[in-house]
K.L.:
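This is the structure, below, for whatever I ask next.
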Amino acid sequence: MASILPASNRRMRPDKNTYEGKRSVYVKNPYLDAMDEDILYHLDLGTKTHNLPAMFGDFVCVGGSPNRMKAFAQFMHKELQLEGDGEGIEDICAGTDRYCMFKTGPVLSISHGMGIPSISIMLHELIKLLHHARCCDVTIIRIGTSGGIGIAPGSVVITDIAVDSFFKPRFEQVILDNVVTRSTELDKELATDLLNCSREIPNFPTLIGHTMCTYDFYEGQGHLDGALCSFSREKKLDYLKRAYKAGVRNIEMESTVFAAMCGLCGLRAAVVCVTLLDRLESDQINLSHDVLVEYQQRPQLLISNFIKKQLGLCGQMS
Ligand SMILES: O=P(O)(O)O[C@@H]1C[C@H](O)[C@@H](CO)O1
Ligand SMILES: O=c1cc[nH]c(=O)[nH]1
């Protein structure tokens, strides 16, 4: 778990990235050390203007929508039985409308928008913040929505490995004019712990599977209902069935870069997404508002129970 002690209270080894017995957050950028101040433009935070060690906690949860991540922060406030009703919880990134960030006890809740470029910018700045704040043993979980393949809508998929549109466990980052391929493995032990935790929640369909991450919601995921569609229903179904055969159980738009960046920077990471529909059956998400809200709360409930267990509050599981 990440320590929230100020950096000066902890013992650092000669290797600057390693605290005694702890796994620290790495940044792999030789230029950062030489910077007098680091301004995290999209989060509206900075090393000179904010007391970063005081702001960060043990768990970081990220998801696309600002409202969902605010609701999650308020839910955690209640679940952790913190003082007050949590209604007036403040957005730490209120100075920007790109992302929002809330802190409830040891849990940081941050929105990342839709798609790889959006989450990637947020992760660069978040990881630098965790590094500047000298956080150790950080657990980061993406709680999102997705389209399922061959599983009942409402199922929660815990990702074992994120794959690209070719079902390959890789993230290809274009750096200058080179393509650099990065691994998209996630923490297996964390995924198993989450699955075990899900088994304690009644009527909570959960499975571990591969998650396919695409660059586009419509054509990229084989939707027949976009403004453009240049393939047949048969081609779509053939593609999704091949994905299923390759072990893919859901599709979303952030997991490969999330797994790659967190893995490279020493963060214990998981992806937990509810499925809103079975893509072998349909393309349109036509759930009622209430069902949609209830489905979106499922990853939140699982993560809340997991965090409470980690904190030794397991007698108070929802
Ligand atoms: O975290 P969310 O639910 O936003 O993730 C999925 C993937 C895309 O960002 C978006 C598409 O509707 O939902
Ligand atoms: O089908 C879906 C549903 C949610 N999010 C996705 O990326 N795809």
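Values below: all heavy atoms of this structure, side chains included; hydrogens, waters and symmetry mates excluded. Source: prediction; values computed, not measured. Nothing fancy with the numbering, it's 1 onward along the sequence. Counting convention: from 1, in listed order, for ligands and their atoms alike.
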K.L.:
Check each of T211, D278, T275 against N250 using the side-chain hydrogen bond (donor to acceptor under 3.5 Å, both in side chains) test, and report the only one that passes.
P.N.:
T211
K.L.:
For the 3.5 Å polar cut-off, considering only N or O atoms, please tell me whether R279 and ligand 2 meet it.
P.N.:
no
K.L.:
Please confirm whether the backbone N or O of A162 pairs with a side-chain atom of T159, one donor and one acceptor, at under 3.5 Å?
P.N.:
no
K.L.:
Test your reading of the structure: does E254 have an N or O sitting under 3.5 Å from an N or O of ligand 1?
P.N.:
yes
K.L.:
Please list, in number order, the atoms of ligand 1 under 4.0 Å from a heavy atom of G144.
P.N.:
1 (O), 3 (O)
K.L.:
Tell me which protein heavy atom sits closest to atom 5 (N) of ligand 2, plus the residue, atom name and distance to 0.1 Å.
P.N.:
S146 CA, 3.7 Å
K.L.:
Are any of the side-chain nitrogens in D283 or K236 under 4.0 Å away from the carboxylate oxygens of its partner?
P.N.:
yes
K.L.:
May I ask you to decide if Q221's main-chain N or O and R279's side chain share a donor-acceptor pair within less than 3.5 Å?
P.N.:
yes
K.L.:
Please report which non-hydrogen protein atom sits nearest to atom 4 (O) of ligand 1, along with the residue it belongs to and the distance in Å to one decimal place.
P.N.:
G64 CA, 3.4 Å
K.L.:
Do any N or O atoms from the side chain of T139 and from the backbone of F59 form a donor-acceptor pair under 3.5 angstrom?
P.N.:
no
K.L.:
Looking at I251, which atoms of ligand 2 are within less than 4.0 Å of one of its heavy atoms?
P.N.:
6 (C), 7 (O), 8 (N)
K.L.:
Only heavy atoms count here, so choose which of M114, Q221, E252, R142 is nearest to atom 5 (O) of ligand 1.
P.N.:
R142
K.L.:
Quick one: look up the protein heavy atom nearest atom 2 (P) of ligand 1 and list residue, atom name and how far away it is.
P.N.:
R68 NH2, 3.6 Å
K.L.:
Atom 12 (O) of ligand 1: which protein heavy atom is closest, and how many Å away?
P.N.:
F217 CE1, 3.6 Å
K.L.:
Provide, to 0.1 Å, the distance between atom 2 (C) of ligand 2 and the closest protein heavy atom, together with that atom's residue and name.
P.N.:
G147 N, 3.3 Å
K.L.:
Regarding ligand 1, does H112 bring an N or O atom to under 3.5 Å of one of the ligand's N or O atoms?
P.N.:
no
K.L.:
Could you tell me, atom by atom, which parts of ligand 2 come under 4.0 Å of a heavy atom of Q221?
P.N.:
1 (O), 2 (C), 6 (C), 7 (O), 8 (N)
K.L.:
With a 4.5 Å limit on heavy-atom distance, are the side chains of L277 and Q284 in contact?
P.N.:
no
K.L.:
For H223 and F217, I'd like to know if the aromatic rings sit close, meaning centre-to-centre distance below 6.0 Å.
P.N.:
yes
K.L.:
Of all the atoms in ligand 2, which lie at a distance below 4.0 Å from a heavy atom belonging to L277?
P.N.:
1 (O)
K.L.:
Does F167 have its ring centroid less than 6.0 Å away from the ring centroid of Y239?
P.N.:
yes
K.L.:
Using heavy-atom distances, let me know which of V62, I285, T145 sits nearest atom 6 (C) of ligand 1.
P.N.:
T145
K.L.:
Assess whether atom OH of Y41 is packed by more than 12 heavy atoms of other residues, nucleotides or ligands within 6.0 Å.
P.N.:
no
